[in-house]
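Heads up: the structure comes next, in structure tokens.
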Amino acid sequence: MNSFKLNVFSISFTIIALILVSLAILIDGTGGGGDSVFHYMYSKYAIEHPENFFNHWAKPVYTMLSCPFAQFGFIGIKLFNVLMSLIACYWGYKTLEVLKIKNREWYPTILFSIILFVDVTLSGLTEPLSAAMIIIAIYFILCKKDILGVCIISFLPFVRSEGLVMICVFLIYLIVSRKYKFIPWLVTGHIIMAIIGYTYYKDFFWVFNKIPYAHLNSSYGKGTWIHFFEQLYFHFGLIEYSLLIIGLITLLISVINKKSIVPEKLWLIYGCFVAFFFAHTCFWAMGIFNSMGLTRVFVSVVPLAAIIILDSINNIENTINIFLKNKTDIPKYILIIVIVIFPFLNTPSSYKIPDDFKLEESQTLIKKEIVPYLKKRIDIKTIIVADISIPFFLNLDPFDTTKVKITSKVNNLDALKKDEIIIWDNWLSVMEANLTLENLKKIQQIKIDTTFTSKSKSGRITNYVVFSKK
């Protein structure tokens with residue numbers, strides 16, 4: 001039986017790895033637009049611009065680890081994230097092994113049936129590394145290697161800003177478990193990064209005062225308290241979302257009934273997920289810390305969610321077996337089959353193949369129309385853009401200000417030079433640079449050269465307007 005279970009894990013893990021590697025290499029999608037591409041460019045050009053290694057937005061630990069992969073192009077950074085997601089899957093399985101949770105051989109199937117996890121894996125985003133670090137830290141603590149686990153989690157804020165939330169959860173766990181001697185190790189990451197970053201900033205406190213989200217306001221507005229309750233349904237799908245809710249309710253009932261629960265499981269698996277969800281719900285509903293209400297951030301705790309889902313499957317199986325007074329694996333297999341099939345059904349939470357893995361409509365417009373146009377403009381030396389995908393497809397170094405300038409960092413657009421152009425778009429230029437088309441048109445010294453427009457299948461219109469000096 002153990003051999004069968006190991007084979008199920010090995011076969012599913014191998015098949016998933018082959019599929020992800022193939023998608024990373026063969027499909028041209030970037031797993032999103034601006035942030036995904038920008039993280040890649042920070043990593044790719046970090047050798048030429050060492051300050052990139054210490055940029056708090058880009059996340060120093062992510063930049064350092066992904067930099068060698070990014071030298072092989074966007075495929076390289078996608079392969080890095082595939083590796084991180086596979087590592088998260090493997091150590092998630094090992095965590096289940098230590099906890100002696102049954103049916104753990106199905107963990108890869110459950111984890112990679114969550115569409116959100118696959119989408120973000122095939123990107124340049126930081127969440128897959130964050131997910132790997134969280135589950136590895138939990139595994140080492142379960143194995144009584146507390147110092148190693150605590151040290152790993154101490155570096156998490158330099159991969160994802162929510163790492164500070166996770167550190168708080170680990171702190172509570174250490175206090176509740178009376179492991180006081182390990183608490184000082186929680187500052188390891190900040191001390192080491194402060195020392196390394198001092199070489200650039202000449203300031204040991206850069207790890208705090210350079211955080212771009214450390215203010216109680218947001219330029220992106222705010223949302224509702226039920227926003228993530230609604231959005232996770234679309235990214236998890238009906239079945240796994242329902243199992244996740246069942247798992248959380250079951251744990252709550254167990255806590256109320258004072259049932260014995262492994263503290264690491266209670267605090268570090270269920271606790272981290274709940275704390276993460278609650279924190280982001282507050283950030284978005286209150287409009288603080290520049291939250292955009294993005295659901296992709298939950299990839300950091302999706303491996304934990306998959307464990308909760310597996311717990312639910314086990315509880316359902318146990319309940320049915322008690323009711324039937326006879327052991328049967330049929331309910332488990334039905335749930336697993338439905339979990340695998342559901343993402344490919346025609347529902348709002350299903351894959352939209354091949355669209356989900358292709359370039360976004362705006363990126364396709366840039367690649368097919370804007371880039372050829374710009375390459376013909378031999379009179380242009382510098383482009384001013386808000387959408388980093390433009391220099392990405394032009395293969396330009398966005399940190400070389402003689403070639404690329406970011407709109408939000410340019411003070412006087414009315415002082416445009418003859419060899420410069422502004423490329424305005426109706427999303428990032430407005431959101432990031434607070435620059436409307438009407439305001440640009442009011443500048444007397446510049447004129448519109450041309451306009452590029454595309455319309456997505458959902459009806460969303462994307463505009464790019466090129467301005468040059470009169």
Side-chain angles (χ1 to χ4, degrees), residues 1-2 5 9 88-107 110-111 131 134-150 152-153 165-183 185-186 240-279 301-329 331-332 335-336:
M1 181 62 71
N2 288 335
K5 290 181 178 180
F9 171 80
C89 178
Y90 176 78
W91 289 105
Y93 172 79
K94 298 295 288 183
T95 298
L96 290 166
E97 199 171 49
V98 176
L99 289 169
K100 297 180 180 179
I101 295 177
K102 67 176 186 176
N103 293 321
R104 56 184 172 272
E105 66 273 14
W106 297 105
Y107 182 72
I110 294 169
L111 178 60
I134 291 172
I135 200 68
I136 291 172
I138 293 172
Y139 170 79
F140 281 126
I141 288 177
L142 281 165
C143 293
K144 310 302 180 186
K145 298 179 181 178
D146 297 84
I147 292 178
L148 185 54
V150 170
I152 289 172
I153 213 69
V165 176
M166 296 295 98
I167 285 178
C168 289
V169 178
F170 274 69
L171 173 62
I172 294 171
Y173 160 74
L174 293 174
I175 293 172
V176 170
S177 302
R178 298 183 179 180
K179 296 182 177 182
Y180 308 118
K181 64 181 180 180
F182 301 117
I183 291 177
W185 293 96
L186 283 171
E240 293 196 278
Y241 184 65
S242 299
L243 290 169
L244 177 64
I245 299 299
I246 291 170
L248 293 169
I249 292 174
T250 302
L251 179 83
L252 179 61
I253 293 172
S254 298
V255 171
I256 292 172
N257 292 332
K258 298 181 180 180
K259 289 186 178 180
S260 178
I261 305 171
V262 177
E264 290 80 6
K265 183 179 179 181
L266 173 63
W267 289 104
L268 302 184
I269 295 177
Y270 282 82
C272 279
F273 181 85
V274 171
F276 195 96
F277 184 91
F278 180 74
V301 291
V302 161
L304 306 183
I307 292 175
I308 298 171
I309 290 168
L310 182 58
D311 257 351
S312 290
I313 292 173
N314 289 335
N315 289 330
I316 291 171
E317 183 183 34
N318 292 338
T319 303
I320 292 174
N321 286 337
I322 292 171
F323 179 77
L324 296 176
K325 297 180 181 180
N326 186 28
K327 186 177 180 180
T328 175
D329 290 330
K332 171 185 67 181
L335 283 171
I336 295 296

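Computed from a prediction, not measured in an experiment: that's the story for all the values here.
Using a 4.5 Å heavy-atom threshold, the side chains of Asp329 and Glu317 count as touching. Looking at heavy atoms from C-beta onward, Ile269 lies out of side-chain contact with Glu264 at the 4.5 angstrom threshold. Looking at heavy atoms from C-beta onward, Ile141 lies out of side-chain contact with Phe182 at the 4.5 angstrom threshold. Counting heavy atoms from C-beta outward, Phe170 and Cys272 have side chains that approach closer than 4.5 Å. Counting heavy atoms from C-beta on, the side chains of Pro263 and Val176 never come closer than 4.5 Å. Residues Phe273 and Ile308 are in side-chain contact: their nearest non-hydrogen atoms beyond the backbone lie under 4.5 Å apart.
Here Phe9 and Tyr107 keep their ring centres 6.0 angstrom or further from each other.
Nearest heavy atom pair, residue Glu97 against residue Lys94, reads OE1-NZ, 3.0 Å. Among all heavy-atom pairs drawn from Gly149 and Ala137, the shortest one is O-CB, 3.4 Å.
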Apply side chain to side chain contact (heavy atoms under 4.5 Å, CB included) to the pair Thr250 and Ser312, showing each step before the final yes or no.
CA-CA 8 Å; Thr250 302; Ser312 290; 5.5 Å; no

From CA spacing to verdict: side chain to side chain contact (heavy atoms under 4.5 Å, CB included), Ser254, Ile261:
CA-CA 8 Å; Ser254 298; Ile261 305 171; 4.0 Å; yes

Please determine whether side chain to side chain donor-acceptor pair (under 3.5 Å) holds for the pair Lys102 and Asn318, giving the CA-CA distance in whole Å, both sets of side-chain angles, and the decisive distance to 0.1 Å.
CA-CA 11 Å; Lys102 67 176 186 176; Asn318 292 338; 2.7 Å; yes

Apply the test side chain to side chain donor-acceptor pair (under 3.5 Å) to residues Lys145 and Tyr139: give CA-CA distance (whole Å), side-chain angles for both, the deciding distance (0.1 Å), then the verdict.
CA-CA 9 Å; Lys145 298 179 181 178; Tyr139 170 79; over 6 Å; no

Just do the side chain to side chain contact (heavy atoms under 4.5 Å, CB included) check on Ile135 and Ile307 with the steps written out, would you?
CA-CA 11 Å; Ile135 200 68; Ile307 292 175; 4.0 Å; yes

Ile336 vs Asn103, test: side chain to side chain contact (heavy atoms under 4.5 Å, CB included). Steps then yes/no.
CA-CA 11 Å; Ile336 295 296; Asn103 293 321; over 6 Å; no

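Other residues, nucleotides and ligands place no more than 12 heavy atoms under 6.0 Å from the CH2 atom of Trp185. Applying the 6.0 Å contact sphere to OH of Tyr270 captures more than 12 heavy atoms from other residues, nucleotides or ligands. With a 6.0 Å radius and a threshold of 12 heavy atoms from other residues, nucleotides or ligands, Phe323 has its CZ atom at or below the threshold.
The existence of a salt bridge linking Asp311 and Lys265 is confirmed by a sub-4.0 Å separation between a basic side-chain nitrogen and an acidic carboxylate oxygen.
In this structure, OH in Tyr173 is found 13.5 Å from CZ in Arg178, a value given to the nearest 0.5 Å. Atom CD1 of Ile153 and atom CG of Leu186 lie 9.0 Å apart (nearest 0.5 Å). Taking CD1 of Ile172 as the start and CG of Leu268 as the end, the distance is 10.5 Å to the nearest 0.5 Å. Trp91 CH2 to Leu96 CG: the interatomic distance, rounded to the nearest 0.5 Å, is 13.0 Å. The structure places CG of Leu310 at 8.5 Å from CD of Glu105, a figure rounded to the nearest 0.5 Å. Here the CG-CG distance, from Leu335 to Leu243, works out to 6.0 Å after rounding to the nearest 0.5 Å.
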